[in-house]
Visitor: 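First, the structure itself, so that you have it in front of you.
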Amino acid sequence: MDKIASQNLNEIWIGTEKFVPYITEEQIQKRVEELGKEISSDYKAKLPIFIGVLNGSFMFMSDLMKQITINCEVDFFKLSSYGDAKISSGKVKLIKDLNADITDRHIIIVEDIVDTGLSIKYIEKLISAHNPASMKVASLLVKEDSIKYDVKIDYIGFRIPNKFVIGYGLDYAQKYRNLKSIYVLSE
Ligand code: 5GP
């Protein structure tokens, strides 16, 4: 039976699949604070635009913004996702474009997780077409063993193995994004 996810569970069953705690709320908040300090120091007086990739990045984006101590702007892209599957379809589609004019601006793309790197590659191409002053990528999670495309992730929260994770913005068939910590599919 599909139960409503509540916080701080020791395990979450989704059908016959078991998810267990992986990165705690405290670990996430500590790392996000560190990233916020680093980015704030790197972008002093540059008025960067943080561009979040919806839906997955909304929680990371929100917490990261609270740790940014310099003036900045915020905008969002929305890409089509995995659908309801756990494996990438290998296709990316733009569902919502940016509102901001990014020409000559310093851009920081904010992602929840980089898996194959396809989404980042796609976004970098879209952004480059507008001739920004600079472009960097911040991702809370990176599955380094899964990356297939030539992408550079400048700010990494946690490097993780190639396992399916949920929580803190990351979904399973659109659910579980509201969890404060990250859970991993148990073998
Ligand atoms: P990529 O384009 O790098 O292959 O995949 C990036 C996107 O795939 C992420 O923004 C996220 O939506 C989804 N994704 C990749 N790995 C996971 C995962 O372990 N869990 C969840 N929930 N989504 C993932």
Side-chain angles (χ1 to χ4, degrees), residues 1-35 51-67 76-96 109-124 137-187:
M1 207 175 68
D2 188 19
K3 288 194 192 126
I4 294 170
S6 56
Q7 303 293 343
N8 299 321
L9 293 170
N10 284 328
E11 52 188 50
I12 296 172
W13 284 92
I14 306 177
T16 56
E17 292 173 312
K18 183 168 111 173
F19 286 77
V20 293
Y22 189 48
I23 308 177
T24 65
E25 184 186 355
E26 291 71 27
Q27 287 171 316
I28 295 170
Q29 294 304 329
K30 184 170 171 279
R31 189 68 191 115
V32 172
E33 190 181 335
E34 289 166 359
L35 289 175
I51 297 181
V53 186
L54 294 172
N55 288 337
S57 74
F58 75 96
M59 245 191 223
F60 176 41
M61 182 74 153
S62 159
D63 285 340
L64 183 64
M65 286 305 96
K66 293 175 210 163
Q67 302 296 339
F76 290 95
F77 265 127
K78 182 164 175 151
L79 299 184
S80 60
S81 71
Y82 277 18
D84 286 348
K86 293 206 299 293
I87 297 165
S88 171
S89 64
K91 289 187 194 126
V92 183
K93 211 172 73 190
L94 184 67
I95 297 177
K96 181 214 166 289
I109 302 166
V110 180
E111 258 285 27
D112 51 351
I113 186 164
V114 175
D115 183 3
T116 63
L118 175 67
S119 308
I120 287 295
K121 196 87 205 157
Y122 179 85
I123 290 167
E124 283 183 343
V137 180
S139 185
L140 180 70
L141 306 174
V142 174
K143 292 184 186 172
E144 280 184 318
D145 298 339
S146 306
I147 294 187
K148 292 197 193 110
Y149 296 84
D150 177 27
V151 288
K152 180 170 176 264
I153 316 302
D154 304 278
Y155 302 100
I156 298 177
F158 301 92
R159 295 164 207 271
I160 66 165
N162 187 11
K163 289 185 175 179
F164 190 74
V165 288
I166 58 169
Y168 196 70
L170 290 148
D171 73 312
Y172 188 145
Q174 299 305 326
K175 296 195 198 79
Y176 308 98
R177 295 191 195 272
N178 53 316
L179 296 168
K180 290 180 192 169
S181 55
I182 293 171
Y183 289 73
V184 66
L185 179 61
S186 163
E187 296 298 312

Visitor: Quick one: salt bridge (charged side-chain N to carboxylate O under 4.0 Å, His left out) partners of Lys30, sequence neighbours excluded?
Guide: Glu34
Visitor: Between Val165 and Ile23, is a side chain to side chain contact (heavy atoms under 4.5 Å, CB included) present by the stated rule, with each step listed?
Guide: CA-CA 10 Å; Val165 288; Ile23 308 177; over 6 Å; no
Visitor: First locate atom CG of Leu79, then atom NZ of Lys96, and finally report the distance between them rounded to the nearest 0.5 Å.
Guide: 11.0 Å
Visitor: Under the salt bridge (charged side-chain N to carboxylate O under 4.0 Å, His left out) rule, collect the residues that match up with Glu11, sequence neighbours excluded.
Guide: Lys18
Visitor: Nearest 0.5 Å, what's the CD-CZ distance between Gln27 and Phe158?
Guide: 6.0 Å
Visitor: Please test Leu170 against Met59 for side chain to side chain contact (heavy atoms under 4.5 Å, CB included), starting from the C-alpha separation and ending with a verdict.
Guide: CA-CA 9 Å; Leu170 290 148; Met59 245 191 223; over 6 Å; no
Visitor: Not counting sequence neighbours, which residues clear side-chain contact (heavy atoms from CB on, under 4.5 Å) with Asn162? List them please.
Guide: Asp115, Lys143, Ser146
Visitor: What's the separation between atom CG in Leu94 and atom NZ in Lys78, rounded to the nearest 0.5 Å?
Guide: 11.0 Å
Visitor: State which residues pass salt bridge (charged side-chain N to carboxylate O under 4.0 Å, His left out) with Glu33; sequence neighbours excluded, sorted by chain then number.
Guide: Lys37
Visitor: Mind checking the CG-CD1 spacing from Asn178 to Ile166? Nearest 0.5 Å is all I need.
Guide: 9.5 Å
Visitor: Taking only residues two or more places apart in sequence or in another chain, which ones pass side chain to side chain donor-acceptor pair (under 3.5 Å) with Tyr122?
Guide: none
Visitor: Quick one: does Asn55's side chain get under 4.5 Å of Gln174's, heavy atoms only?
Guide: yes
Visitor: Are the side chain of Ser57 and the backbone of Phe60 linked by a donor-acceptor contact shorter than 3.5 Å?
Guide: no
Visitor: What verdict does the side chain to side chain contact (heavy atoms under 4.5 Å, CB included) test give for Met61 and Phe76, after you've listed the backbone C-alpha separation in whole Å, the side-chain angles of each residue and the deciding distance to 0.1 Å?
Guide: CA-CA 10 Å; Met61 182 74 153; Phe76 290 95; 3.9 Å; yes
Visitor: Is there a side-chain contact between Leu185 and Phe19 in this structure, where contact means two heavy atoms from C-beta onward sitting under 4.5 Å apart?
Guide: yes
Visitor: How long is the span from the OG atom in Ser119 to the CD atom in Glu124, to the nearest 0.5 Å?
Guide: 11.0 Å
Visitor: Is a donor on one side and an acceptor on the other found under 3.5 Å between the side chain of Arg31 and the backbone of Leu140?
Guide: no
Visitor: Check Ile14 against Tyr172 and note the closest heavy-atom contact, atom names and distance.
Guide: CD1-CD1, 3.5 Å
Visitor: Can you name the residues that form a salt bridge (charged side-chain N to carboxylate O under 4.0 Å, His left out) with Lys66, not counting sequence neighbours?
Guide: Asp63
Visitor: Does the side chain to side chain contact (heavy atoms under 4.5 Å, CB included) test come out yes or no for Lys163 and Tyr22, once each step is laid out?
Guide: CA-CA 11 Å; Lys163 289 185 175 179; Tyr22 189 48; 6.0 Å; no
Visitor: Quick check on side-chain contact (heavy atoms from CB on, under 4.5 Å): which of Ile182, Asp112, Val114 does Leu141 satisfy it with?
Guide: Ile182
Visitor: State the OH-CD1 distance between Tyr149 and Ile120, to the nearest 0.5 angstrom.
Guide: 13.0 Å
